[in-house]
Amino acid sequence: MPFLTDAVINETIPDAEAVKGFFNSLTLKKLLPPLALLLAGFVVIKLLLRLFDRALERSHLERAAYGMLRSSMRFLLYFILLLVVAGQLGVDVSSLIAILSVISLALSLAVQGALTNIVGGLTLLATHPFKSGDYVEAGDTSGTVQEVGLTYTKLTTPDNKTVCIPNSVAASAQITNFSTTGTRRVDITVSASYDCPVESVKTALLRAANVPTALFTPAPFAGVKEYGDSAITYVLQLWTAASDYWPTFYAVNEAISAEFARDGIEMTYPHLNVHLDGKK
(Lines give C-alpha, C1' and ligand atoms only; values in the text may rest on other atoms or scores of the structure.)
Protein backbone atom coordinates (compact mmCIF):
# COMPACT_ATOMS: atom_id res chain seq x y z
CA MET A 1 0.00 0.00 0.00
CA PRO A 2 2.27 2.84 -1.17
CA PHE A 3 -0.29 5.50 -0.21
CA LEU A 4 0.13 4.66 3.51
CA THR A 5 3.14 6.40 5.03
CA ASP A 6 5.43 4.81 7.60
CA ALA A 7 4.30 7.37 10.14
CA VAL A 8 0.66 6.34 9.79
CA ILE A 9 1.53 2.65 10.09
CA ASN A 10 3.70 3.26 13.16
CA GLU A 11 0.93 5.23 14.83
CA THR A 12 -1.70 2.52 14.27
CA ILE A 13 0.36 -0.64 14.95
CA PRO A 14 1.67 -0.99 18.54
CA ASP A 15 5.28 -2.00 19.06
CA ALA A 16 6.27 -5.46 20.23
CA GLU A 17 7.16 -4.31 23.75
CA ALA A 18 3.73 -2.81 24.29
CA VAL A 19 2.05 -6.02 23.11
CA LYS A 20 4.30 -8.13 25.33
CA GLY A 21 3.58 -5.90 28.31
CA PHE A 22 -0.16 -6.16 27.71
CA PHE A 23 -0.15 -9.97 27.71
CA ASN A 24 2.13 -10.13 30.76
CA SER A 25 -0.35 -7.98 32.67
CA LEU A 26 -3.23 -10.38 32.05
CA THR A 27 -4.31 -12.33 35.14
CA LEU A 28 -7.23 -14.64 35.84
CA LYS A 29 -8.86 -11.94 37.95
CA LYS A 30 -8.52 -9.47 35.08
CA LEU A 31 -9.80 -11.96 32.47
CA LEU A 32 -12.97 -13.08 34.27
CA PRO A 33 -15.02 -9.86 33.76
CA PRO A 34 -14.26 -9.65 30.01
CA LEU A 35 -15.08 -13.35 29.58
CA ALA A 36 -18.36 -12.92 31.43
CA LEU A 37 -19.08 -9.88 29.27
CA LEU A 38 -18.25 -11.88 26.14
CA LEU A 39 -20.64 -14.72 27.06
CA ALA A 40 -23.36 -12.27 27.97
CA GLY A 41 -22.76 -10.47 24.70
CA PHE A 42 -23.30 -13.69 22.71
CA VAL A 43 -26.66 -14.21 24.45
CA VAL A 44 -27.72 -10.60 23.89
CA ILE A 45 -26.73 -10.74 20.21
CA LYS A 46 -28.83 -13.87 19.68
CA LEU A 47 -31.83 -12.16 21.30
CA LEU A 48 -31.30 -9.01 19.24
CA LEU A 49 -31.06 -11.02 16.02
CA ARG A 50 -34.34 -12.75 16.86
CA LEU A 51 -36.01 -9.39 17.44
CA PHE A 52 -34.47 -8.15 14.21
CA ASP A 53 -35.89 -11.18 12.35
CA ARG A 54 -39.35 -10.46 13.76
CA ALA A 55 -39.07 -6.84 12.72
CA LEU A 56 -38.15 -7.94 9.19
CA GLU A 57 -41.14 -10.28 9.10
CA ARG A 58 -43.46 -7.41 10.02
CA SER A 59 -41.84 -4.98 7.62
CA HIS A 60 -42.79 -4.42 3.99
CA LEU A 61 -39.28 -5.11 2.73
CA GLU A 62 -38.73 -7.64 -0.02
CA ARG A 63 -38.09 -11.12 1.24
CA ALA A 64 -34.98 -11.30 -0.92
CA ALA A 65 -33.35 -8.54 1.18
CA TYR A 66 -33.58 -10.42 4.48
CA GLY A 67 -30.35 -12.40 4.08
CA MET A 68 -28.22 -9.34 3.31
CA LEU A 69 -29.70 -7.19 6.08
CA ARG A 70 -29.35 -9.94 8.67
CA SER A 71 -25.71 -10.60 7.71
CA SER A 72 -24.92 -6.89 8.01
CA MET A 73 -26.63 -6.63 11.39
CA ARG A 74 -24.79 -9.71 12.69
CA PHE A 75 -21.43 -8.27 11.64
CA LEU A 76 -22.22 -4.90 13.27
CA LEU A 77 -23.29 -6.46 16.58
CA TYR A 78 -20.23 -8.69 16.84
CA PHE A 79 -17.97 -5.76 15.96
CA ILE A 80 -19.50 -3.68 18.76
CA LEU A 81 -19.08 -6.61 21.17
CA LEU A 82 -15.41 -6.89 20.17
CA LEU A 83 -14.85 -3.20 20.95
CA VAL A 84 -16.63 -3.45 24.32
CA VAL A 85 -14.63 -6.53 25.40
CA ALA A 86 -11.39 -4.95 24.20
CA GLY A 87 -12.17 -1.83 26.26
CA GLN A 88 -12.86 -4.01 29.31
CA LEU A 89 -9.40 -5.56 28.87
CA GLY A 90 -7.81 -2.13 28.86
CA VAL A 91 -7.08 -2.02 25.15
CA ASP A 92 -7.05 1.43 23.56
CA VAL A 93 -10.17 1.13 21.42
CA SER A 94 -9.18 4.05 19.20
CA SER A 95 -5.96 2.25 18.31
CA LEU A 96 -7.90 -0.93 17.67
CA ILE A 97 -10.26 0.90 15.31
CA ALA A 98 -7.26 2.38 13.49
CA ILE A 99 -5.68 -1.06 13.14
CA LEU A 100 -8.95 -2.52 11.85
CA SER A 101 -9.21 0.36 9.38
CA VAL A 102 -5.78 -0.47 7.97
CA ILE A 103 -6.66 -4.16 7.79
CA SER A 104 -10.00 -3.37 6.15
CA LEU A 105 -8.28 -1.23 3.56
CA ALA A 106 -5.85 -4.02 2.74
CA LEU A 107 -8.64 -6.57 2.57
CA SER A 108 -10.74 -4.32 0.35
CA LEU A 109 -7.95 -4.26 -2.21
CA ALA A 110 -7.69 -8.05 -2.06
CA VAL A 111 -11.42 -8.72 -2.38
CA GLN A 112 -12.51 -6.12 -4.89
CA GLY A 113 -14.65 -8.71 -6.67
CA ALA A 114 -16.60 -9.49 -3.50
CA LEU A 115 -17.10 -5.78 -2.81
CA THR A 116 -18.38 -5.33 -6.36
CA ASN A 117 -20.92 -8.08 -5.69
CA ILE A 118 -22.00 -6.38 -2.46
CA VAL A 119 -22.52 -3.11 -4.30
CA GLY A 120 -24.45 -5.03 -6.96
CA GLY A 121 -26.66 -6.53 -4.26
CA LEU A 122 -27.41 -3.08 -2.84
CA THR A 123 -28.25 -1.92 -6.36
CA LEU A 124 -30.71 -4.80 -6.82
CA LEU A 125 -32.38 -4.06 -3.49
CA ALA A 126 -32.63 -0.35 -4.30
CA THR A 127 -33.99 -0.70 -7.85
CA HIS A 128 -36.34 -3.68 -7.17
CA PRO A 129 -36.14 -5.36 -10.60
CA PHE A 130 -37.60 -8.47 -8.94
CA LYS A 131 -38.70 -9.85 -5.58
CA SER A 132 -38.55 -13.24 -3.92
CA GLY A 133 -40.82 -15.70 -5.72
CA ASP A 134 -40.64 -13.96 -9.11
CA TYR A 135 -39.74 -15.97 -12.19
CA VAL A 136 -37.04 -14.04 -14.01
CA GLU A 137 -34.53 -14.36 -16.81
CA ALA A 138 -31.16 -12.81 -15.96
CA GLY A 139 -28.75 -13.09 -18.87
CA ASP A 140 -28.72 -16.75 -19.93
CA THR A 141 -30.27 -18.06 -16.69
CA SER A 142 -33.97 -18.41 -15.89
CA GLY A 143 -35.52 -19.36 -12.57
CA THR A 144 -37.50 -18.37 -9.50
CA VAL A 145 -35.80 -15.86 -7.20
CA GLN A 146 -35.11 -17.36 -3.77
CA GLU A 147 -32.83 -14.80 -2.16
CA VAL A 148 -30.60 -11.81 -2.82
CA GLY A 149 -27.65 -12.54 -0.54
CA LEU A 150 -24.67 -10.45 0.39
CA THR A 151 -22.75 -11.44 -2.74
CA TYR A 152 -25.00 -13.81 -4.74
CA THR A 153 -28.57 -13.97 -6.02
CA LYS A 154 -30.06 -17.46 -5.80
CA LEU A 155 -32.42 -18.73 -8.49
CA THR A 156 -34.22 -22.09 -8.62
CA THR A 157 -34.61 -23.38 -12.19
CA PRO A 158 -37.71 -25.26 -13.39
CA ASP A 159 -35.77 -28.56 -13.02
CA ASN A 160 -35.09 -27.69 -9.34
CA LYS A 161 -31.44 -26.65 -9.65
CA THR A 162 -30.13 -23.81 -7.51
CA VAL A 163 -28.10 -21.29 -9.51
CA CYS A 164 -26.06 -18.63 -7.67
CA ILE A 165 -25.47 -15.55 -9.83
CA PRO A 166 -22.92 -12.95 -8.64
CA ASN A 167 -24.78 -9.77 -7.74
CA SER A 168 -22.50 -7.72 -9.97
CA VAL A 169 -23.54 -9.85 -12.95
CA ALA A 170 -27.25 -9.77 -12.03
CA ALA A 171 -27.20 -5.99 -11.56
CA SER A 172 -25.63 -5.40 -14.98
CA ALA A 173 -27.55 -8.07 -16.91
CA GLN A 174 -30.76 -7.57 -18.85
CA ILE A 175 -33.47 -8.85 -16.52
CA THR A 176 -36.83 -10.05 -17.77
CA ASN A 177 -39.42 -10.43 -15.00
CA PHE A 178 -42.27 -12.74 -16.02
CA SER A 179 -44.16 -12.36 -12.73
CA THR A 180 -44.62 -8.59 -12.46
CA THR A 181 -48.01 -8.45 -14.18
CA GLY A 182 -49.22 -11.76 -12.72
CA THR A 183 -49.99 -13.35 -16.10
CA ARG A 184 -47.97 -14.78 -18.99
CA ARG A 185 -48.78 -15.56 -22.60
CA VAL A 186 -48.20 -19.10 -23.81
CA ASP A 187 -47.08 -19.25 -27.45
CA ILE A 188 -47.17 -22.66 -29.12
CA THR A 189 -46.14 -23.24 -32.75
CA VAL A 190 -47.28 -26.30 -34.70
CA SER A 191 -47.36 -27.36 -38.34
CA ALA A 192 -50.11 -29.01 -40.35
CA SER A 193 -50.43 -30.37 -43.85
CA TYR A 194 -51.49 -28.19 -46.77
CA ASP A 195 -54.27 -30.72 -47.32
CA CYS A 196 -55.96 -29.71 -44.04
CA PRO A 197 -58.38 -26.74 -44.22
CA VAL A 198 -57.02 -23.73 -42.36
CA GLU A 199 -60.22 -23.10 -40.43
CA SER A 200 -60.35 -26.72 -39.27
CA VAL A 201 -56.81 -26.47 -37.89
CA LYS A 202 -57.56 -23.18 -36.13
CA THR A 203 -60.74 -24.63 -34.59
CA ALA A 204 -58.82 -27.64 -33.27
CA LEU A 205 -56.15 -25.38 -31.77
CA LEU A 206 -58.73 -23.25 -29.98
CA ARG A 207 -60.36 -26.37 -28.54
CA ALA A 208 -56.95 -27.49 -27.29
CA ALA A 209 -56.58 -24.16 -25.45
CA ASN A 210 -59.54 -25.04 -23.24
CA VAL A 211 -57.52 -26.36 -20.27
CA PRO A 212 -58.34 -25.66 -16.58
CA THR A 213 -55.40 -23.27 -16.05
CA ALA A 214 -56.01 -21.15 -19.14
CA LEU A 215 -57.40 -17.61 -18.92
CA PHE A 216 -59.97 -16.46 -21.45
CA THR A 217 -59.52 -12.71 -21.02
CA PRO A 218 -57.94 -11.96 -23.45
CA ALA A 219 -59.39 -14.80 -25.50
CA PRO A 220 -57.06 -17.45 -27.02
CA PHE A 221 -55.92 -16.76 -30.58
CA ALA A 222 -54.99 -19.17 -33.39
CA GLY A 223 -53.68 -18.12 -36.77
CA VAL A 224 -51.37 -18.90 -39.68
CA LYS A 225 -47.78 -17.95 -38.98
CA GLU A 226 -46.11 -18.86 -42.26
CA TYR A 227 -46.27 -21.11 -45.30
CA GLY A 228 -43.37 -23.54 -45.34
CA ASP A 229 -41.98 -25.83 -48.03
CA SER A 230 -44.03 -28.82 -46.94
CA ALA A 231 -46.46 -27.55 -44.29
CA ILE A 232 -48.33 -24.55 -42.93
CA THR A 233 -47.08 -23.25 -39.59
CA TYR A 234 -49.72 -22.13 -37.09
CA VAL A 235 -49.39 -20.28 -33.78
CA LEU A 236 -51.64 -20.66 -30.75
CA GLN A 237 -51.56 -17.91 -28.11
CA LEU A 238 -53.32 -18.05 -24.76
CA TRP A 239 -52.91 -16.45 -21.34
CA THR A 240 -52.43 -18.03 -17.94
CA ALA A 241 -51.30 -17.09 -14.45
CA ALA A 242 -47.52 -16.69 -14.23
CA SER A 243 -47.30 -19.52 -11.70
CA ASP A 244 -49.25 -21.84 -14.06
CA TYR A 245 -47.15 -21.21 -17.18
CA TRP A 246 -45.40 -24.58 -17.45
CA PRO A 247 -48.41 -26.76 -16.47
CA THR A 248 -50.48 -24.87 -19.06
CA PHE A 249 -47.78 -25.17 -21.73
CA TYR A 250 -47.52 -28.95 -21.36
CA ALA A 251 -51.29 -29.51 -21.00
CA VAL A 252 -52.06 -27.57 -24.18
CA ASN A 253 -49.34 -29.39 -26.15
CA GLU A 254 -50.88 -32.73 -25.19
CA ALA A 255 -54.38 -31.45 -25.99
CA ILE A 256 -53.27 -30.35 -29.48
CA SER A 257 -52.14 -33.86 -30.30
CA ALA A 258 -55.48 -35.27 -29.15
CA GLU A 259 -57.55 -32.66 -31.04
CA PHE A 260 -55.57 -33.13 -34.27
CA ALA A 261 -56.03 -36.89 -34.06
CA ARG A 262 -59.75 -36.39 -33.46
CA ASP A 263 -60.17 -34.29 -36.62
CA GLY A 264 -57.70 -36.26 -38.74
CA ILE A 265 -55.29 -33.34 -39.05
CA GLU A 266 -51.84 -34.40 -40.16
CA MET A 267 -48.87 -32.89 -38.29
CA THR A 268 -46.24 -32.96 -41.00
CA TYR A 269 -42.48 -33.10 -40.85
CA PRO A 270 -39.89 -31.90 -43.40
CA HIS A 271 -39.95 -34.17 -46.46
CA LEU A 272 -39.16 -34.08 -50.16
CA ASN A 273 -41.49 -35.36 -52.87
CA VAL A 274 -39.65 -36.79 -55.89
CA HIS A 275 -41.63 -37.16 -59.14
CA LEU A 276 -40.10 -39.47 -61.77
CA ASP A 277 -40.83 -38.83 -65.42
CA GLY A 278 -41.49 -42.17 -67.12
CA LYS A 279 -40.61 -40.87 -70.58
CA LYS A 280 -37.28 -41.92 -72.08
Side-chain angles (χ1 to χ4, degrees), residues 12-13 31-136 138 141 143-156 162-173 175 177 179-180:
T12 56
I13 301 178
L31 284 174
L32 286 179
L35 287 176
L37 181 62
L38 183 64
L39 294 176
F42 286 146
V43 175
V44 171
I45 287 176
K46 287 184 178 180
L47 293 176
L48 290 176
L49 287 176
R50 288 181 182 177
L51 293 175
F52 186 69
D53 289 339
R54 292 177 183 176
L56 288 177
E57 291 291 340
R58 293 193 296 267
S59 69
H60 299 289
L61 292 174
E62 299 295 346
R63 185 76 184 179
Y66 287 10
M68 177 180 292
L69 293 176
R70 197 177 191 280
S71 298
S72 302
M73 177 60 69
R74 186 190 298 113
F75 173 80
L76 178 61
L77 291 175
Y78 278 113
F79 180 71
I80 293 174
L81 177 61
L82 173 63
L83 294 180
V84 172
V85 173
Q88 184 70 26
L89 286 170
V91 177
D92 186 356
V93 177
S94 60
S95 298
L96 180 61
I97 294 177
I99 293 173
L100 291 176
S101 299
V102 174
I103 294 175
S104 299
L105 183 58
L107 289 177
S108 65
L109 296 175
V111 292
Q112 289 183 3
L115 292 177
T116 303
N117 288 332
I118 293 175
V119 173
L122 295 175
T123 301
L124 292 174
L125 295 178
T127 56
H128 302 291
F130 49 73
K131 64 181 183 296
S132 180
D134 284 354
Y135 187 85
V136 302
T141 306
T144 302
V145 179
Q146 299 299 323
E147 176 188 6
V148 178
L150 195 61
T151 55
Y152 289 92
T153 296
K154 293 183 180 179
L155 301 182
T156 299
T162 299
V163 180
C164 297
I165 304 176
N167 285 337
S168 58
V169 175
S172 60
I175 297 174
N177 192 328
S179 303
T180 303

Qualifying residue for side chain to side chain contact (heavy atoms under 4.5 Å, CB included) with Val145, from Asn177, Leu124, Val136: Val136
Kindly write out the residues that satisfy ring pair (Phe, Tyr, Trp, His ring centres under 6.0 Å) with Tyr135, not counting sequence neighbours, or none if the list is empty. Phe178
Less than 4.5 Å apart, side chain to side chain, heavy atoms only: is that true for Ile165 and Tyr152? no
Could you tell me whether Tyr78 atom OH has more than 12 heavy atoms of other residues or ligands within 6.0 Å of it? yes
Minimum heavy-atom distance between Gly41 and Leu81, given as atom pair plus value: CA-CD1, 3.7 Å
Apply side-chain contact (heavy atoms from CB on, under 4.5 Å) to the pair Phe42 and Lys46, showing each step before the final yes or no. CA-CA 6 Å; Phe42 286 146; Lys46 287 184 178 180; 5.5 Å; no
When every non-hydrogen atom of Ser168 is compared with those of Ser172, the smallest separation belongs to O-OG, 3.0 Å
Can you tell me how far apart CG (Asp134) and OG1 (Thr180) are? Round to the nearest 0.5 Å. 5.5 Å
Rounded to the nearest 0.5 angstrom, the CG-CG distance for Leu48 and Leu76 is 10.5 Å
As a quick check of understanding, evaluate side-chain contact (heavy atoms from CB on, under 4.5 Å) for Val148 and Phe130, giving each step before the final call. CA-CA 10 Å; Val148 178; Phe130 49 73; 3.8 Å; yes
Checking Thr156 now: which residues fulfil side-chain contact (heavy atoms from CB on, under 4.5 Å) with it, not counting sequence neighbours? Gln146, Asn160, Thr162
Taking atom types as modelled, find out whether Thr153 and Asn167 have a side-chain donor-acceptor pair closer than 3.5 angstrom. yes
From NE2 (His128) to OG1 (Thr123), nearest 0.5 Å: 11.5 Å
Heavy-atom pair with the smallest gap, counting every atom of Gly120 and Ala171: O-CB, 3.8 Å
Is the shortest side-chain N to carboxylate O distance from Asp53 to Arg50 below 4.0 Å? no
Audit row: Met73, Leu49, side-chain contact (heavy atoms from CB on, under 4.5 Å) steps and yes/no: CA-CA 8 Å; Met73 177 60 69; Leu49 287 176; 4.0 Å; yes
Do Phe79 and Leu83 have side chains that get closer than 4.5 Å, going by heavy atoms? yes
Shortest non-hydrogen contact from Ala138 to Ala173? C-CB, 4.5 Å
